[in-house]
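I have placed the structure first, in the form of structure tokens, so that the comments after it can refer back to it.
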Amino acid sequence: MQIYNTMTRRKEELIPLVPGQISMYACGPTVYNFFHIGNARPFIVFDTMRRYLEYRGYQVRFVQNFTDIDDKMIRRANEEETTVKALGERFIKEYYHDADALGVRRASENPRATEHIGEIISLVATLIEKGNAYATPDGDVYFSVRSFPGYGKLSGQNIDDLENGARVDPDEAKRDPLDFALWKAAKPGEPSWDSPWGKGRPGWHIECSAMSMSLLGETFDIHGGGQDLVFPHHENEIAQSEAATGKPFARYWMHNGYINVDNQKMSKSLNNFFTVRDIAKEFDLEAVRMFMLGVQYRNPVNFSREMIQQAQSALERLRTAKERLAEAQVAAAETSEDAAFIAQLEDFKTRFNEAMDDDLNTADALGVLFEFARAANTFVSEPRGSKAIEAGKALFSELTGVLGLLGREKAEEFPAEALAMLEERQAARKAKDFARADQMRDALKDMGYAVEDTVNGPKLKKL
RNA sequence: GGCGCCAUAGCCAAGCGGUAAGGCAGAGGUCUGCAAAACCUUCAUCCCCGGUUCGAUUCCGGGUGGCGCCUCCA
């Protein structure tokens, strides 16, 4: 498989550190609020990456953290008149609620920063020992950027250019404007932990270094996140980690593009964001996943309700094909058409894999799935051999499953009233009382159900 | 100022050297009591100007127009 490595700025063959295994870390949410559609993209992208790697036979260890201590957590907890801990607990729960609905599988591990304070402190201590960090009299610890020669290698920034543009905050006791905080001395009323530098809490960048290395090792395969994390967050992670261990940190860096609104990055600060929770009130979140997968992950994509609507319609087409395959009528004998269909299946699978092998090109892979859907729809328009039907069904489920689509076994429950009306309509049709039949159909429509007449009889469908 | 990305039909989006996948929407048709679903048909020469090449949407240069990072941000 080829993936685009931000570090080298080109596509590279993915060769795992340990054959057959992939270790992968993705930056997770700061749990101070519901997450928005823009935040959701990396969750979906890296979940899809993980699903695909597993499907291709890798044993994947996928770690995604929760940042549960930082300035935003503290501020929000104060606003809500609650504790940082309680706030974190709550929004971790809310994260799972939304992520589940987006078809995002639980990571192998979801470490929390506050549960890895020990590792963080020893990492900071190591950096001080090695001369890459220094403590100030106030009890803050900063990383000395100039002490790490490779600084800027991920983002392609020249350290002196950065220096010119750096914001200088006169309050900070930094030796160099580029230096960043590893440990922040506690202010009154803030959660804090004991450390060799006094009570305090970790900086944001160090927690990811500490958690990823303690769970995946000093060198691991893939590190992912949104493009906005390239600088400074990931650049800083590299500096801290490599300065401390003297070994390469992540081997491949994957960064997803933004979700835009009217061509502008969806973000909290621009106040142009939509939370996943809110969108869930209007749409099935599977449509949101479909919308995201319709674009290769590195490209930006505009979010709008119209786009979700389109994705929903497209998803419906795949769902129908899956259902038709499941309800296909079995013929007594096999024919040459069965064999042709089975041969076609191989082709779809190959092309799907080729698309995904090319830097996770889900948009291209979906194209293959739609061609598959059409072929399947045509194929099952009359009774077919069970072997071909089963093969088609299995492959369709497998491939949509790799994308995390159509996974839910939503056993459709319809109210008895609606089922009774459906029966009455059917009786009216038999009696050629079409006016009555249409009346029933309209009434069902008002209740939110569509009627579809299939070879297996009439079916209800939620609108 | 430094670093970087993007420009393909009404909308979305693959392709990236040999004359444009797929989806949504639209039009016509088949099927249907009528619908729905499904199927068939139809719907683009790829922002502009140069260059390289037998041949460019695809490579190079220059424009124009969008966007991002350099500050918390997925």
Side-chain angles (χ1 to χ4, degrees), chain A residues 6 9 26-30 35-46 70-72 75 152 155-167 169 178 180 204 224-233 235 255-260 262-270 273 290-291 293-296 298-302 304 306-307 309-321 323-324 351 355 358 361-374 376-378 380-381 428-429 432-435 437-438 441-442 445 450-455 458-459 461 463:
Chain A
T6 307
R9 300 192 181 184
C27 292
T30 299
F35 64 86
H36 63 65
I37 296 287
N39 300 316
R41 169 114 96 150
F43 304 154
I44 291 170
V45 165
F46 297 111
D70 84 332
D71 293 342
K72 284 175 300 214
R75 197 187 326 124
S155 55
Q157 297 285 332
N158 174 293
I159 201 162
D160 294 312
D161 291 334
L162 282 170
E163 180 104 28
N164 289 334
R167 182 189 61 154
D169 187 339
L178 290 178
F180 56 89
W204 176 41
Q227 260 161 16
D228 45 3
L229 297 187
V230 173
F231 191 92
H233 188 236
E235 194 72 63
H255 294 280
N256 62 273
Y258 302 130
I259 299 290
N260 291 157
D262 296 330
N263 284 324
Q264 287 204 305
K265 180 184 172 186
M266 182 185 291
S267 69
K268 286 260 164 59
S269 45
L270 284 173
F273 64 92
M290 182 72 178
F291 156 72
L293 296 178
V295 187
Q296 205 273 347
R298 285 190 291 121
N299 294 144
V301 56
N302 270 303
S304 70
E306 191 197 345
M307 290 302 101
Q309 203 71 256
Q310 283 193 12
Q312 180 123 44
S313 300
L315 223 206
E316 210 45 51
R317 182 171 166 74
L318 292 182
R319 192 187 317 266
T320 303
E323 283 168 7
R324 283 171 61 108
R351 288 169 55 210
D358 182 15
N361 195 335
T362 52
D364 207 8
L366 274 171
V368 177
L369 247 32
F370 281 108
E371 288 182 49
F372 187 173
R374 181 188 291 130
N377 283 334
T378 302
V380 301
S381 63
R429 291 180 73 210
K432 301 255 188 260
D433 183 358
F434 296 120
D438 289 349
R441 186 167 62 196
D442 289 343
K445 191 175 174 190
V451 179
E452 287 183 11
D453 293 318
T454 75
V455 283
K459 278 179 64 178
K461 212 167 180 181
L463 283 175

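A note on names: the letters A, B, ... follow the listed sequences, proteins ahead of strands, and every chain is numbered from 1.
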Pairing partner (Watson-Crick or G-U wobble, both distances under 3.5 angstrom) of [N]:
N: B:C46; value: none
N: B:G1; value: B:C70
N: B:C54; value: B:G18
N: B:C31; value: none
N: B:U64; value: B:A7

If you check every side-chain atom of [X], which of [options] has the closest atom?
X: A:D161; options: B:G2, B:C3, B:A74; value: B:G2
X: A:D453; options: B:A35, B:G68, B:A38; value: B:A35
X: A:M307; options: B:G33, B:C12, B:G2; value: B:C12
X: A:N256; options: B:G68, B:A74, B:C11; value: B:A74

| A:N256 versus A:F46: any side-chain heavy-atom pair under 4.5 Å? |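 Yes, at least one pair of side-chain atoms sits under 4.5 Å.
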
| said: Would you say that A:F231 contacts A:L162 through its side chain, given a criterion of any heavy-atom pair below 4.5 Å between the two side chains? | reply: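 Of all side-chain heavy-atom pairs linking A:L162 with A:F231, at least one is under 4.5 Å.
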
Identify whether any heavy atom of [X] sits under 4.0 Å from a base atom; if not, whether one sits that close to sugar-phosphate; answer base, sugar-phosphate or nothing.
X: A:F231; value: sugar-phosphate
X: A:S381; value: nothing
X: A:G156; value: sugar-phosphate
X: A:K72; value: sugar-phosphate
X: A:I259; value: base
X: A:G152; value: nothing

Output yes when [X] and [Y] qualify as a salt bridge under the 4.0 Å nitrogen-oxygen rule, no when they do not.
X: A:K459; Y: A:E452; value: no
X: A:R351; Y: A:D364; value: no
X: A:R319; Y: A:E316; value: yes

Side-chain N,O ([X]) to OP1/OP2 ([N]) below 4.0 Å:
X: A:N377; N: B:A38; result: no
X: A:K268; N: B:A74; result: no
X: A:R9; N: B:G4; result: yes

| said: Should the side chain of A:D438 and the base of B:G33 be counted as holding a donor-acceptor pair, with the cut-off at 3.5 Å? | reply: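 Per atom types, the contact qualifies.
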
| message | Assuming nearest nucleotide by heavy-atom distance, tell me which of A:H36 and A:A450 is located more 5' along RNA chain B. | response |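 Of the two residues, A:A450 wins.
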
| message | Just checking A:K445: does its NZ atom have more than 12 heavy atoms from other residues, nucleotides or ligands closer to it than 6.0 angstrom? | response |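 No - once you tally the heavy atoms of other residues, nucleotides and ligands closer than 6.0 Å, there are 12 at most.
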
In whole Å, what separates the [atom1] atom of [N] from that of [M]?
N: B:U41; M: B:G23; atom1: P; answer: 12 Å
N: B:C16; M: B:G1; atom1: P; answer: 34 Å
N: B:C46; M: B:U57; atom1: C1'; answer: 4 Å
N: B:U42; M: B:U53; atom1: P; answer: 38 Å
N: B:A37; M: B:A27; atom1: P; answer: 13 Å
N: B:A9; M: B:G15; atom1: P; answer: 16 Å
N: B:A36; M: B:U32; atom1: C1'; answer: 9 Å
N: B:A56; M: B:G17; atom1: P; answer: 14 Å

| field | Reported CD1-to-CD1 distance for the pair A:I37 and A:I44, which is rounded to 0.5 angstrom | value |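 Reported to 0.5 Å precision, the distance equals 7.5 Å.
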
Nearest whole Å is fine: how far is [N] [atom2] from [X] [atom1]?
X: A:L318; N: B:A38; atom1: CG; atom2: P; value: 11 Å
X: A:H233; N: B:U71; atom1: NE2; atom2: P; value: 15 Å
X: A:N263; N: B:C11; atom1: CG; atom2: C1'; value: 14 Å
X: A:N260; N: B:A74; atom1: CG; atom2: P; value: 15 Å
X: A:L229; N: B:G68; atom1: CG; atom2: P; value: 16 Å
X: A:N158; N: B:G1; atom1: CG; atom2: P; value: 16 Å
X: A:F35; N: B:C72; atom1: CZ; atom2: C1'; value: 19 Å
X: A:D433; N: B:C34; atom1: CG; atom2: C1'; value: 13 Å

| note | Readout for nucleotides 14-26 of chain B: B = base within 4.0 Å of protein heavy atom, S = sugar-phosphate only, - = neither; 5' to 3' it is SS-----BSBB--

| task | Could you tell me whether the side chains of A:N302 and A:D262 share a donor-acceptor contact shorter than 3.5 Å? | result |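 There is no such pair between these side chains.
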
| task | Examine distances only and state if a side-chain atom of A:R298 and a backbone atom of A:H255 form a donor-acceptor pair shorter than 3.5 Å. | result |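 Answer holds: no.
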
| request: Determine yes or no for a side-chain-to-main-chain donor-acceptor pair under 3.5 angstrom, with A:N158 supplying the side chain and A:D161 the backbone. | output: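 Looks like yes, one N/O pair under 3.5 Å.
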
